[in-house]
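The structure appears right after this line, and notes come after that.
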Amino acid sequence: MNAAARKPDHVYLVDGSGYIFRAFHALPPLTRSDGTPVNAVLGFCNMLLKLIEDAEAEYIAVIFDAGRKTFRNEIYAEYKAHRPEAPPELVPQFALIREATRAFNVPAIEIQGYEADDLIATYATQAAAQGHDVTIVSSDKDLMQLVGDRISLFDPMKNRKIGETEVLEKFGVAPDKVVDVQSLAGDSSDNVPGVPGIGVKTAAELINTYGDLDTLLARAGEIKQPKRRENLLANADLARISRDLVTLKRDVPLDVPLDGLAKQGIDGATALAFLQQNEFRQLITKLQARLGEAGIKASRGGARTENAKSGDATVQIAADPAAFSGTHELVQDEERLVAWITRARAAGAIAFDIETTSLNIIEAKLVGMSLAVAANAACYVPVGHEGKSGDLLGGATERPQQIPLDRALALMKPLLEDPSVLKIGHNIKYDLAVMRRYGIETAPIDDSMLISYVLEGGAHGHGMDELAKLHFDHDTIKFGDVAGSGKSQVTFDQVPLDKALAYAGEDADVTWRLHNLLKPRLIAERLTTVYETIERPLVPVIAGMELAGVKIDAAELGRMSQDFASRMADMEGEIHDLAGAEFNVGSPKQLGEILFDRLKLPGGKKGKTGAYSTGADVLEELAETSGHPLPQKVLDWRQLAKLKSTYTDALPLAIRPETGRVHTSFALAHTSTGRIASTDPNLQNIPIRTEEGRKIRRAFVAEPGHVLLSVDYSQIELRLAAEMADIQGLKDAFRDGADIHAMTASQVFGVPVEGMDPMVRRQAKAINFGIIYGISAFGLAQQLGIPQGEAKAYIEAYFERYPGIRDYMERMKKFAREKGYVETLFGRRCHMPGINDKNPARRSFMERAAINAPLQGTAADIIKRAMIRMPGALQDAGLNGRMLLQVHDELLFEVPEAEAEATGKLVKKVMEEAPLPARKISVPLIAEIGTGPNWAEAH
DNA sequence: GGGATCACG
DNA sequence: GACGTACGTGATCCCA
């Protein structure tokens, strides 16, 4: 992964002693019912809880002074000698604040003989040296000398950060000179003597003039003002002693190493017990809400042992939300299910997950449902588990006790459809689709997978197993662990209840935790809009498309398969004759040996594997140059082999008998740019470019009385390039509805559009595509089959004519380098791990991706916006068509014949206006309509 | 299970 | 100038 780009860890060091004094004076008096004053303790608890919850802290500790005598008293007996005794109302609060610290599971650090400031200095110095960021929670001026690049202070009373600027304001010098100023000015409250007659102002002036204390003292004789000169000369030693007093010790031998300050989860029971003891009612309510709803943010893998006190009736919190207890409830009767549903309603949100017999939403039979209402608070409701059928040796088991399916669904339906209860899933599209088949419309929803995708798309995968490992360092139970793998794998209805409970309960538990961890980040990282206006509303729409499926003429595909088979057999015969040997034409390795070893055609090795490269480009080159007929024959054979194995053979097998249609699955959180991907089967790569392949589209048909309607964006990415790179010439051309490639040719090569050589236009077209891909001379040369130098000249000419495009490319690269991601017009972030890779090949690869991603990603955002509006738009217009497929810039519908024209116009309008009202694009977006009895004719 | 190949936008 | 190249996907096949 990308260690270099990772955010540094953050260390929070709370100055406990400093805090208590200031809080005591700042807050109104407050006592608990036994008379113990607790105002400073309450302030402290508020501050600490806020810190634990809000701060992205990996390390937290509270540091205290231990006793009054320190090594400074040996240097100067009078140090802090005139401190008055602490007010009596403050005294008992010292111990309580230490207790509070421990109750929140934060280390309380103190060492005899050292002040808190010295410990803070030592930890801060070590942490900064390790590359961590440090925030010292204190406003003590004595700590300001520590401020630097990685270290800052935070004033908890004024809610204000104290960085280098603020230090400069206060002392008139940079943090590294604060000690020098303090040595001269002294400090009456600490009884640091300093030099008489010199205050902070004068001290700063002197230090700024002479650089540092030693230089100043050495050259004190040069000072013009007689009084100041004499004082300095007479009290040089006093200044040096003062320096020793104010200089914080950064090498205190620590009892607890920095690692020991790693943030732990709050133990709900312990913390609540402390708050109750001190009667902090508001805090109790707040903490209970937090724990009940979520559990405090999970610590990084922090496993702990503390248990809830069983005697405390008011505290019913899972012992440690940060650790996975794995104790979930198996719900086998209606009473218990009702109890959980009640709990769910009270919580207002549940993590929800279903177990089924298949990943295919049409085939899947419901086996069980799990839900979680808090961390470590999940249940599993089996509804479709079968007993084992046994074998020749017996071993058959009874069907386990379960709530009947229809009863469970009847109880769950009101909850799943309750608008006041949020249903959180991880890839909830699946659960939503299957539940819809059972007559339940799950809403409202949240999806932890999509939240993760919006936050960190492109940085890593977003499967639950991967995220649990990443965020909680937790190894989830894998499907194979409970259902077996390979030949012995069984469907989930065959899994014993104990294993099913552990697996399904964990799924809901992890989903809850992920949501709890990631959802707040959407707001903090300004990604809520992308999630709420694009990703989340798309879920039910895509589910509808998957459930709808598309009709395929299996008989037609079968005939094509037979045709392909016989033609391939003929070709194989010819190929073997030409080669003079029998070999597997489908084996690139054997083919390479035939072509280059046996027939001695010109060409070379390539690739790490040492095998000959026999890709289409190589064979095409060979067919032209060698004059041998074999390469072309192989190319023809390969085309048929591809079409047969991937399409004409495979697609009929994908037809679901339940519906007689093919139902793809769209992956919503898979691509680095925001596009969706189609799998099982992939219906986004159905052939079209060759006539032979195009025939396969004829097998995608409409139901009787219906037609297929295809509407696709024309040149959307190039239009977006014109818009986002602000290329006036391109924008004008699009506005005029001109032939964009001819226009580019004219602009770049200076030839008139009238009577243009088609070759020139083709080259311009390749350049236009190159723009979208992050153009390189090599790539363009390869594409056009021209020398690299010539390609380079074209690109130069293009940049010359349209400087905006070069600016855009540089801007994207810079943005990506600095932020680690690039953005679409709608605010989606496409992460680019490796953009700063030291390997130039990998780096340039990511740079081209950084140039392409905003264009491809913005186009993806736009079509998604159109798709979200489509069902409502159709319904409002009283149209009965259904959206079936999305192919990146195309939407395919199945519509009643009589509605084809009206639907086409509506869809076109929705697609063209999709950016509005969020973004107004100055280049017109054009969508083109096609209809027909099959996809080939509709497109 | 990884690499090569090729289907799409 | 290094490095190895157009951007983004998924399915199928071969072969270790």
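Naming convention: chains lettered A, B, ... in sequence-line order (proteins, then strands); numbering from 1 in each chain. Only heavy atoms go into these numbers, but all of them, side chains included; no hydrogens, no water, no symmetry mates.
Among the atoms of the strands shown, only primed sugar atoms or phosphate atoms (P, OP1, OP2) are found under 4.0 Å from some heavy atom of A:I688. Looking at heavy-atom distances under 4.0 Å, A:A650 makes contact with sugar-phosphate atoms alone, never a base. When heavy atoms are screened at a 4.0 angstrom cut-off, A:Q590 is found touching the sugar-phosphate backbone but no base atom. The residue A:S776 sits close to a base: some heavy atom pair falls under 4.0 Å. Using a 4.0 Å heavy-atom criterion, one finds that A:N685 contacts the bases of the nucleic acid, with or without backbone contacts as well. Residue contacts shown for A:I686 are limited to sugar-phosphate atoms, with no base heavy atom under 4.0 Å away. Looking at heavy-atom distances under 4.0 Å, A:A766 makes contact with a base. At the heavy-atom level, A:D712 lies nowhere under 4.0 Å from the strands shown. Using a 4.0 Å heavy-atom criterion, one finds that A:G774 contacts no nucleic acid atom at all.
Evaluation of atom-type donor-acceptor distances gives no pair under 3.5 Å for the side chain of A:R843 against the base of C:dG4. Residue A:R842 places no side-chain atom within donor-acceptor reach of the base of C:dG4, judged by atom type and a 3.5 Å distance cut-off alone.
Listed candidates were C:dA16, C:dC7, C:dG4. Nearest to the side chain of A:K589 is C:dA16. When distances are taken from the side chain of A:S613 to each of B:dT5, C:dA6, C:dT9, the shortest belongs to B:dT5. Out of C:dC3, B:dC8, B:dT5, the shortest distance to the side chain of A:P687 is found at B:dC8. In the set C:dC14, C:dC3, B:dC6, the nucleotide with an atom closest to the side chain of A:N584 is C:dC14.
Residue whose closest nucleotide on DNA chain C sits further toward the 5' end, between A:P840 and A:F845: A:P840. Toward the 5' end of DNA chain C, the nearer of the two residues A:N839 and A:S645, judged by each one's closest nucleotide, is A:N839.
A donor-acceptor pair under 3.5 Å is formed between the side chain of A:H628 and the backbone N or O of A:L630. With hydrogens and angles disregarded, no donor-acceptor distance shorter than 3.5 Å links the side chain of A:H831 to the backbone of A:Y821.
Summarising the geometry, the separation between NE2 on A:H888 and P on B:dA7 is reported as 16 Å, rounded to the nearest angstrom.
Ring orientation note: the planes of A:Y612 and A:F596 are tilted relative to one another, at an angle of 30° to 60°.
In this structure, A:Y794 has its ring center no closer than 6.0 Å to that of A:Y798.
A:K644 pairs in a side-chain contact (heavy atoms from CB on, under 4.5 Å) with only one of the listed residues (A:M568, A:R567, A:M560, A:Q639), which is A:M568.
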